[in-house]
**Student:** 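Before we start, here is the structure in question, set down as structure tokens.
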Amino acid sequence: MKKALITGVTGQDGGYLAKLLLDKGYDVTGAIRRNSQIETVRLQKLGIADAVRLVDFDLSEINNINRLIRETAFDEVYNLAAQSFVGSSWDQPIYTGDVNGLGVVRVLDAIRTYSPQTRFYQASTSEMFGLVRAVPQNEETPFHPRSPYGVAKVYGHYITVNYRESFGLHASSGILFNHESPLRGPEFVTRKITLGLARFARGDRAAVELGNLDAKRDWGFAGDYVEGMWRMLQQDAADDYVLATGVTTPIRDFVTYAAAAIGLELEWSGSAETEQAIDRKSGKVAIRVNPRFYRPAEVDLLIGDATKARTRLGWEPRMAIRELAELMATSDYDDWRG
Ligand code: NAP
Ligand code: G4F
């Protein structure tokens, strides 16, 4: 039985990955931060809360990292833990740098020192492309991060490459484009939209306030992406891979797809800060722009080229954007408790 450690197991991807590995017969350890209350809602929703062994862990604390890696000879370590919200990274740039950047080398160095046979996955991101230098973006596209989050992740990416090249570790970096699900955190734009529209459609007619509606993202389903992470660690040699759908969609269109899935028909008008969408049936404003949600520097366009993952890993994203929006919107609509 293979032993795997997942950092960030309480997060969206952590939950789906834990489920995938358990289904494959792995012994799964999940590293969680100490909180006043243990928060395993996602693991419970996936029906695996009792199957994952939970251990206390923080990426900013070298001692618990060393102890954990030394005591258990993990076959695979998936480093998914991070301060993952781009918007917060301008408010917490130092914390974000410490956890998303230096946290990675803390784990890598523990592996190098105590368990060099362990295979390592780093959760890198399309945010590293930022102000994009090529369209679409692949493994060769230069980085130009636009947020403290993206800057820290570039460090995490290159230190993974460096430990592979310096010490021969089986360390891979997955450059993943946005991936969503009904388990997505409510602060991210897709879930904010589906939760807000569900509330609106259920009769609480408060408008959903959003920032930049013109930004475009390459959105896939999180369940498909964790399969790609696992495939990376099954290769004979470690490497870096882009995972993406190759389709990009403006925020505005995601709103329209999600609204339609729960019976709302929206009529858009205005532009920039005056742009809004009215629900035709109730005549109420369902979406409006609030500049409070604009970012100091924006990533306008992301679209990935996952040819390498397709050809070498046999990986394919299975869910298209409309289906994803529909899945998330109906899930929030059905779960709405008022
Ligand atoms: P998420 O839902 O926000 O989960 C983040 C996880 O990290 C949570 O379990 C969180 O614990 C944990 N964490 C945060 N700070 C920590 C610390 N100091 N020490 C230990 N654990 C800590 O994020 P996600 O969407 O699953 O993303 C997983 C990873 O992939 C992240 O590294 C993210 O940056 C990266 N990524 C995500 C996407 C995407 O579209 N989802 C795309 C590219 C890359 P708590 O539950 O205690 O907060
Ligand atoms: O949903 P978002 O917050 O995701 P973002 O910034 O793309 O980051 C996510 O994907 C990255 C991969 O590229 C991950 F590395 C990262 O951890 C995270 O999972 O914002 C998406 C877009 C942005 O352009 C933002 O400006 O939506 C725009 N947006 C417009 N209104 C909004 C809002 N974003 C949020 N969160 N809230 C809004 O009201």
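Keep in mind it's a predicted model, so treat the numbers as computed, not measured. Residue numbers count from 1 along this sequence. Counting convention: from 1, in listed order, for ligands and their atoms alike. What's counted below: heavy atoms across the whole structure, side chains too, no hydrogens, waters or symmetry copies.
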**Student:** Distance under 4.0 Å to a non-hydrogen atom of Gly211: what atoms of ligand 2 satisfy this?
**Tutor:** 30 (C), 31 (N), 33 (C), 39 (O)

**Student:** What are the atoms of ligand 2, with element, lying closer than 4.0 Å to any heavy atom of Glu127?
**Tutor:** 6 (O), 7 (O), 11 (C), 13 (O)

**Student:** Classify the contact between Leu302 and ligand 2 as side chain, backbone, both or neither, using a heavy-atom distance cut-off of under 4.0 Å.
**Tutor:** side chain

**Student:** Within a distance under 4.0 Å of any heavy atom of Glu298, pick out the atoms of ligand 2 and give their elements.
**Tutor:** 23 (C), 24 (O), 25 (C), 26 (O)

**Student:** Please say whether Asp58 places an N or O atom under 3.5 Å from an N or O atom belonging to ligand 1.
**Tutor:** yes

**Student:** Please classify the Arg184 to ligand 2 contact at 4.0 Å (heavy-atom distances, strictly less than): side chain, backbone, both or neither.
**Tutor:** side chain

**Student:** Under 4.0 Å between a Lys/Arg side-chain N and an Asp/Glu carboxylate O for Arg199 and Asp204?
**Tutor:** yes

**Student:** Do Tyr95 and ligand 1 have an N or O pair less than 3.5 Å apart?
**Tutor:** yes

**Student:** Show the atoms of ligand 1 that are less than 4.0 angstrom away from any heavy atom in Ser84.
**Tutor:** 1 (P), 3 (O), 23 (O), 33 (C), 34 (O)

**Student:** At what distance is the nearest protein heavy atom to atom 23 (C) of ligand 2, and which residue and atom is it?
**Tutor:** Arg217 NH2, 3.4 Å

**Student:** Taking distance alone, with N or O pairs closer than 3.5 Å, would you say Phe188 contacts ligand 1?
**Tutor:** no

**Student:** So which bit of Val99 gets within less than 4.0 Å of ligand 1, heavy atoms only: side chain, backbone, both or neither?
**Tutor:** side chain

**Student:** Going by the side chain to side chain donor-acceptor pair (under 3.5 Å) test, name the single residue among His157, Glu139, Arg164, Lys153 that passes it with Ser173.
**Tutor:** His157

**Student:** Checking Gln92 against Thr96: is there a side-chain donor and acceptor pair closer than 3.5 Å?
**Tutor:** no

**Student:** Among all protein heavy atoms in this structure, tell me which lies nearest to atom 31 (C) of ligand 1, with the distance rounded to 0.1 Å.
**Tutor:** Leu80 O, 3.1 Å

**Student:** Please classify the Ser126 to ligand 1 contact at 4.0 Å (heavy-atom distances, strictly less than): side chain, backbone, both or neither.
**Tutor:** neither

**Student:** Under a plain distance cut-off of 3.5 Å, with no hydrogens placed, do Gln12 and Ser181 share a side-chain donor-acceptor pair?
**Tutor:** yes

**Student:** With heavy atoms only and a cut-off of under 4.0 Å, state how Tyr149 meets ligand 2: side chain, backbone, both or neither.
**Tutor:** side chain

**Student:** What residue and atom, counting heavy atoms only, is the protein's closest point to atom 25 (O) of ligand 1, and at what distance?
**Tutor:** Arg184 NH1, 3.3 Å

**Student:** Just jot down the ligand 1 atoms closer than 4.0 angstrom to any heavy atom of Thr125, in number order.
**Tutor:** 43 (C), 44 (C)

**Student:** Before giving the answer on salt bridge (charged side-chain N to carboxylate O under 4.0 Å, His left out), spell out for Glu298 and Arg217 the whole-Å C-alpha distance, their side-chain angles and the decisive distance to 0.1 Å.
**Tutor:** CA-CA 12 Å; Glu298 179 61 286; Arg217 288 291 182 276; 3.7 Å; yes

**Student:** Between CD of Gln276 and CH2 of Trp268, what distance do you get to the nearest 0.5 Å?
**Tutor:** 10.0 Å

**Student:** N/O of Val189 under 3.5 Å from N/O of ligand 2, yes or no?
**Tutor:** yes

**Student:** Would you give the length of the straight line joining atom CZ of Arg318 to atom CG of Leu324, rounded to the nearest 0.5 angstrom?
**Tutor:** 13.5 Å

**Student:** Of the protein's non-hydrogen atoms, which lies at the shortest distance from atom 2 (O) of ligand 1, and what is that distance?
**Tutor:** Gln12 N, 3.0 Å

**Student:** Are any of the N/O atoms on Gln83, whether in the backbone or the side chain, positioned under 3.5 angstrom from an N/O atom of ligand 1?
**Tutor:** no

**Student:** Look at the aromatic rings of Phe129 and Phe143 and report parallel, tilted or perpendicular, splitting at 30° and 60°.
**Tutor:** tilted

**Student:** As an exercise, identify every atom of ligand 2 less than 4.0 angstrom from a heavy atom of Thr125.
**Tutor:** 11 (C), 12 (C), 13 (O), 14 (C), 15 (F)

**Student:** List every atom of ligand 2 that sits less than 4.0 Å from any heavy atom of Ala215, numbering the atoms from 1 in the order shown and giving each element.
**Tutor:** 24 (O)

**Student:** Starting from atom 5 (C) of ligand 1, what is the nearest protein heavy atom, named by residue and atom, and what distance separates them?
**Tutor:** Ala82 O, 3.8 Å

**Student:** Short list, please: which atoms of ligand 2 are under 4.0 Å from a heavy atom of Ser126?
**Tutor:** 12 (C), 13 (O)

**Student:** Side chain, backbone, both or neither: which applies to Lys153 and ligand 1 if a contact is any heavy-atom pair less than 4.0 Å apart?
**Tutor:** side chain

**Student:** Hydrophobic clusters here meaning ILVMFWY residues chained together by side-chain heavy-atom distances under 4.5 Å, can you tell me if Tyr158 and Tyr163 are in one?
**Tutor:** no

**Student:** Within a distance under 4.0 Å of any heavy atom of Val86, pick out the atoms of ligand 2 and give their elements.
**Tutor:** 6 (O), 8 (O)

**Student:** Is ligand 1 under 4.0 Å from a heavy atom in the side chain of Asn35, in the backbone, in both, or in neither?
**Tutor:** side chain

**Student:** Looking only at protein heavy atoms, which one is nearest to atom 36 (N) of ligand 1, and how far off is it?
**Tutor:** Tyr149 OH, 4.0 Å

**Student:** Can a donor-acceptor pair be found, under 3.5 Å and without considering hydrogens, that links the side chain of Asn100 to the backbone of Ala82?
**Tutor:** no

**Student:** Is it the side chain (CB and beyond), the backbone, both or neither of Lys153 that lies under 4.0 Å from ligand 2, heavy atoms counted?
**Tutor:** neither

**Student:** For atom 4 (O) of ligand 1, grab the closest protein heavy atom and report residue, atom and distance to one decimal in Å.
**Tutor:** Gly11 CA, 3.4 Å

**Student:** Which ligand 1 atoms, with their elements, are less than 4.0 angstrom from a heavy-atom of Asn178?
**Tutor:** 40 (O)

**Student:** We want to know whether Glu140 and Asn138 form a side-chain donor-acceptor pair, criterion being a heavy-atom distance below 3.5 angstrom.
**Tutor:** no

**Student:** Which ligand 2 atoms does Phe85 reach within 4.0 Å, using its non-hydrogen atoms?
**Tutor:** 3 (O), 36 (N)

**Student:** Could you state the interatomic distance from CD1 (Ile94) to CG (Leu102), rounded to the nearest 0.5 Å?
**Tutor:** 11.5 Å

**Student:** For ligand 1, is Glu39 a contact, meaning one of its heavy atoms is under 4.0 Å away?
**Tutor:** no

**Student:** Looking at non-hydrogen atoms alone, which of Pro186, Gly11, Ser84, Pro250 comes nearest to atom 17 (O) of ligand 2?
**Tutor:** Ser84

**Student:** Does Lys192 have more than 12 heavy atoms from other residues, nucleotides or ligands lying within 6.0 Å of its NZ?
**Tutor:** yes

**Student:** Among protein heavy atoms, which lies nearest atom 43 (C) of ligand 1, and at what distance?
**Tutor:** Leu176 O, 3.1 Å

**Student:** Which of the atoms of ligand 1 are close to Thr10, meaning less than 4.0 Å from one of its heavy atoms?
**Tutor:** 8 (C), 9 (O), 11 (O), 45 (P), 46 (O)

**Student:** What class does the angle between the rings of Tyr225 and His179 fall in, given that below 30° is parallel, 30 to 60° is tilted and above 60° is perpendicular?
**Tutor:** parallel

**Student:** Using a 4.0 Å heavy-atom threshold (strictly under), name the region of Phe188 that reaches ligand 2: side chain, backbone, both or neither.
**Tutor:** both

**Student:** For ligand 1, is there an N or O atom under 3.5 Å from any N or O atom of Asp13?
**Tutor:** yes

**Student:** Which protein non-hydrogen atom lies closest to atom 40 (O) of ligand 1, naming both residue and atom, and how far is it?
**Tutor:** His179 N, 2.9 Å

**Student:** With only distance considered, is Thr190 within less than 3.5 Å of ligand 2 through an N or O on each side?
**Tutor:** no

**Student:** Can you sort out which atoms of ligand 1 are near Ala123, meaning under 4.0 Å from one of its heavy atoms?
**Tutor:** 29 (C), 30 (O), 32 (O), 35 (C)

**Student:** May I ask you to check whether over 12 heavy atoms, not counting those of Leu131, lie within 6.0 Å of atom CG?
**Tutor:** yes

**Student:** Would the number of heavy atoms belonging to other residues, nucleotides or ligands and lying under 6.0 Å from CZ of Arg322 be above 12?
**Tutor:** no

**Student:** Near Ser124, which atoms of ligand 1 are under 4.0 Å from a heavy atom of that residue?
**Tutor:** 43 (C), 44 (C)

**Student:** Minimum distance, heavy atoms only, to atom 2 (P) of ligand 2: which one of Arg292, Met128, Arg295 is it?
**Tutor:** Arg295

**Student:** Counting only heavy atoms closer than 4.0 Å, does ligand 2 sit against the backbone of Ile251, its side chain, both, or neither?
**Tutor:** side chain

